[in-house]
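Quick note: numbers below take in every heavy atom, side chains included, and nothing from hydrogens, waters or symmetry partners. Quick note on labels: first sequence line is chain A, next is B, and so on, each numbered from 1.
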Amino acid sequence: MSHEPKALGGRIFTRTFCICMFVVAIAGYFVVKRLIFGIGAVTNLNDGYPWGLWISYDVVVGTAFACGGYVMALLVYIMNRGEYHPLVRPALLASMFGYALAGVSVFLDIGRYLNVYNLYLPWQMNFHSVMFEVAMCIAAYIFVLWLEFTPAFVEKWGLKNFGKKLDKVIFAIIALGVLLPTMHQSSLGTMILMAGYKLDPLWHTTTLPLLFLLTAVFMGFAMVIFEATISSRVYELSDETSILSKIGHIMVYVLGFYLVVRFQNVFMRGYMSEAFSGSFLGNMFLLENLMLIIGLVILAYPNYRNSPRLLFIAATAILIGGSLYRFNTYMIGFDPGTGWKYFPSVGEQMITYGLIAFEIAMYTLFVKIFPVFSSHAPAESNN
Amino acid sequence: MKMKRRDFLKGAAGGLALLTLDSKVVDARTVEALPPNALGILYDSTLCVGCNACMASCKKANSMIPEMTGEQEIWDNPQDLSASTLNIIKKFSSGTGAHKDQEEDGYAFIKRQCLHCVDPSCVTACPVTALAKDNDTGIVTYDKNACIGCRYCQVACPYNIPKFEWDDPYPEIVKCELCSHLIAKGEISACCSVCPTGASLFGPVAELLNETRRRLQMKPGKLYKFPVYSIDSGKWHELNAPKYQQHVYGQDELGGTQVMYMAAVPFEKLGLPSFPKESFVSMASGIQYAIYKGMVYPLVVLAGLIFMANKNKKSNEEKQSTSTHDQGEDA
Amino acid sequence: MKNTEFDQDQEQVGGISRRDFIKFCSAVAAGLALPGAMTAKIAHAITNPNRPPVIWLHGSECTGCSMSLLRAEHPTLEKLMLELISLDFHETLSAGAGHQAEEALEQSVEANYGKFILIIEGAVPLKDGGIYCRVGGKNFVDIVRDIGPKAGAVIAVGSCASWGGVAAMAPNPTGCVGVSEVLKDQTVVSIPGCPPNPYNLLSTIIHYLTFNKLPALDSENRPKFAYGRLIHEHCERRPHFDNGRFARAFGDESHRQGHCLYYLGCKGPVTYANCSTSQFGDAGSGCWPVAIGHPCFGCAQKGVGFNVPQFTVSPVLHQTPAAGHAPIIVERGEGVSPGSAALMAGLGGVALGAGAVFAAKLDKGSKHEDEEA
């Protein structure tokens, strides 16, 4: 059995790829419209809701989905759990595109994109600003992710000399690749903390940075399970349920700790009654945690987490719960209180869907061209 | 396994520490103070008659276009602050709305504009220092050449003041800048220079605060002098004092503001919510400071990570050279 | 003023009572927005025997501006005005005619070279060398080019002289233009109107006599004291405009109530003049078009009068807030729309469905024991 990553090869223009590119084309129309006519022409964003779907999904949720590379690097290279090694590159691939497209989305979302260089002018930098730190970290991390993936490029294109030099410094790059997400994922929580009363008290707490970091970790793991399950079936790779279920086991502790902190925090601040009041936001709180609890329960039992189906369902539930938590903090639980309302417009949605579709298409492209997947021969068929 | 449990415990301890450290981290950032020559406006809702002269002069002084809502496009009648309205008079009305400055069955006016906070949330939030507080006058100004249009200032401002040019392909953030361009010429803010009743009064914040103290001590119904245009204009009206709410809005709210309000109707009714003395940004910033000040913690963690990654790499290379087995189990 | 001095003055001012004379001078001072202390100075200037004369030329005009000067409600002022401003030459009012009158004009011009005030009423036709207005055998354009540079100050009275007026109305077959287009090297004060309020002209002349310079002028050389604001900005019906009370047809209920005439085509919002405050006929208030219920025509404003049809609704040059106020909280923003909700629900449903189908195909049982704790 080969454990060296190998490119899958095969037809690029599959049905999935073509559907994705079609969605990208539709999104392209709205992107052009946004660039020519302004943000108001394409989105429903307004002065009450200056941040909407683009920031909430593409940046906040999307980067959490893209934390697979972060947690796998932490697990494999820092904590030296080499048995998870085959999962690293696929996770890294999802991460680098997830973060790069978050960057693209930010570029479309900010109004004065040509002034972005001001972030790098020392006399304009504002170190008091949480967003400054988030922006710098994410920009650096995109770069680091692509560097972390460079060994795949080296293998594909046989860049032996470069490969040797890279090998000498890769450990420092990996270390950065673990530090940077720790910094900015928690800072995403601090960022919305500044909204003060505008964020419903079910979510507004000084513990936000910790909760955001924890959600990033378990969503990263969940995404690894989710994406590994799908690709092993789609590309007929060998079954990886055993290591995936071990990851699921790790998640039990992280998720369990998160839920304890979350509920204790809401209880201590006295908002449990609001959670169960039947109000819209109370129900969103319950829904987000229900999804996480379903995932936790499944993963807690070895019999359940060894079942590929239940493992997949658990990962999906956790992804839904985690992303709902982040949507709640940035969009759904946010209300400036001055009579504004907001729902993402068609144009706004299409650009987001286009970015997701682009990522999926690029993923299918890269796994065929570059050595990403490690296990190829279908050892014990599961179907 | 050992590592896992250790890390878990470390994480748990850290998390619990953060939970309990709530109050302590707030002190980690210094709270801003009022600048020495802080300029501001005292708006007295009881003096305002809703003539809207301040709205017209503000548009003219700042070259803003009229905002025509409704069916007839002949007036400038914005419904709220916007990308072309830096200053608006709004009216609170209850019941029959017949009596001025009365909470029940009454009406009152309120002037909404940037409050030029002493500890501005927008200035702390802006990643590129496009919004900055003048060290001398305390006016919060906007620099469109630095602004990237991220709109974090809109999220951060507790009063929802900064507005955005949504319909512009290269939009700016827009807000009142206290007519700093006129102040530089030795004049006063446009709104105050045309207010006929003295409802909008310009002046150094320290003097305006004295004026608020004087007004709070006035006996309702007695005749007093109320200055017009600016606190030192030398011009005044003689009027009967109203019954004020015994509070100056902006004196303490979120660290204080340079544009302050007095009214006879509760401020919540006028759209000015009650806020604690500590600004939300100082709390969030305090957490940032605690973790990132001097980048000490991140660098320590990075050093640790580099050490671990390097150690693991070396040990893996050794293992590979001594055995041909791969690490880990696979299916 | 001592009695003896005034008696002297009284002779010069044609038998007017001292009170009326001082009232006149105060009115002029007020119209010019000068302090009351200026009244005495004005009185001295206009009774000074050495004051420069006024020469009044007529081009393509209807003589309405001269008529407005004479149509004051106080007939005795008729002569007063003409004597006050020492009118040396005026085609309609001169006693002489023909060569006699032309000689008098030439003499006055030479005698007062560089000092006299030249008033021009009427537009200057330029087509075909300017033959469409000939006075005394000369083309009017040549007369203007000849006498204009010799004057101390040139004032174009009326819309025709200011910018062409009705004489230059499309298709303008004679090529009429305002005086400033002919005398390009001089400052030509414009007093537009059809006709303008006579005090606009009088006050300008008296300002010149008193201070030896023209009053403050705007970018079109109109005196700011009269043309500095839009009629809309000091109209007595403005509260009706601000509160949305409009007459929609002549004779309707709103019209009878004296509501704003904006929708009947009033050009007040685009016309700079002081008709609403100074009004006409020296007869008190209520003597201007809007007050009697007819929308303003914009006769004083180039591009509006004789150009934009009477009943065309004009834009508003300087929009100001309406008389109402916004409430404290206003509901706005785009919420859910059928399209956006359908798109999200649709794609979400497809994704969940695909996920469910995929999960169903996955192996349910566990063939692998998990040995790790």
Side-chain angles (χ1 to χ4, degrees), chain B residues 1 4-5 45 48-60 64-82 84-85 87-94 97 107-112 160 166 194 263 265-273 328-331, chain C residues 228-235 237-248 254 259-271 295-296 312-334 362-363 365-373:
Chain B
M1 264 250 275
K4 259 208 302 206
R5 200 185 307 151
S45 168
C48 180
V49 294
C51 72
N52 295 336
C54 54
M55 284 172 67
S57 72
C58 171
K59 289 244 169 173
K60 194 165 168 208
M64 291 282 158
I65 58 169
E67 214 174 304
M68 294 172 276
T69 60
E71 291 159 11
Q72 298 180 90
E73 297 199 341
I74 50 180
W75 305 290
D76 164 47
N77 58 347
Q79 295 298 291
D80 197 3
L81 295 175
S82 73
S84 53
T85 301
N87 162 34
I88 186 172
I89 297 289
K90 289 185 156 225
K91 186 166 100 172
F92 151 78
S93 184
S94 82
Y107 68 97
F109 297 108
I110 183 71
K111 180 177 195 280
R112 294 314 310 267
N160 297 304
W166 296 103
V194 295
V265 170
F267 293 102
E268 286 85 21
K269 297 271 159 76
L270 299 173
L272 296 169
E329 306 282 308
D330 70 7
Chain C
R229 295 173 88 184
L230 293 169
I231 289 174
H232 183 63
E233 285 172 336
H234 45 193
C235 175
R237 297 198 180 189
R238 185 61 187 275
H240 294 303
F241 176 89
D242 283 339
N243 274 291
R245 294 185 285 263
F246 300 101
R248 295 289 180 156
S254 277
H259 290 167
C260 175
L261 306 172
Y262 177 74
Y263 285 106
L264 292 177
C266 181
K267 304 296 184 296
V270 288
T271 304
C296 164
T312 300
V313 175
S314 74
V316 179
L317 269 188
H318 303 143
Q319 265 122 340
T320 47
H325 300 91
I328 300 290
I329 298 210
V330 181
E331 300 280 328
R332 56 240 137 109
E334 293 293 323
L362 286 171
D363 181 35
S366 98
K367 292 197 174 106
H368 322 279
E369 297 294 316
D370 180 13
E371 286 138 9
E372 306 263 312

Legend entry - chain C contact via B/E73 - side chain, backbone, both or neither, heavy atoms under 4.5 Å: backbone
Inset, instruction - For this output row, return yes or no: ring centroids of B/F109 and C/H325 closer than 6.0 angstrom. - result: yes
Inset, instruction - Nearest 0.5 Å please: distance from the CG atom of C/L261 over to the CZ atom of C/F241. - result: 12.0 Å
Inset, instruction - Could you check which of C/A323, C/G324, C/G244, C/P327 has the highest count of heavy-atom pairs closer than 4.5 Å to chain B? - result: C/P327
Legend entry - Toward chain C, the part of B/I65 with a non-hydrogen atom under 4.5 Å: neither
Inset, instruction - Kindly give the heavy-atom pair with the smallest separation between C/G265 and C/P295, and that separation in Å. - result: C-CB, 4.0 Å
Inset, instruction - Over 60° means perpendicular and under 30° means parallel, so classify the ring planes of C/F246 and C/Y263, tilted if in between. - result: perpendicular
Inset, instruction - Could you tell me which portion of B/I74 (side chain, backbone, both or neither) has an atom closer than 4.5 angstrom to a non-hydrogen atom of chain C? - result: both
Inset, instruction - Quick one: list whatever passes side-chain contact (heavy atoms from CB on, under 4.5 Å) with B/D80, sequence neighbours left out. - result: B/K90, B/K163, C/R332
Inset, instruction - Please flag which part of C/Y262 lies under 4.5 Å from any non-hydrogen atom of chain B: side chain, backbone, both or neither. - result: side chain
Inset, instruction - Side chain from CB out, backbone as N, CA, C, O: work out which of these in B/K269 comes under 4.5 Å of a heavy atom of chain C, or both, or neither. - result: backbone
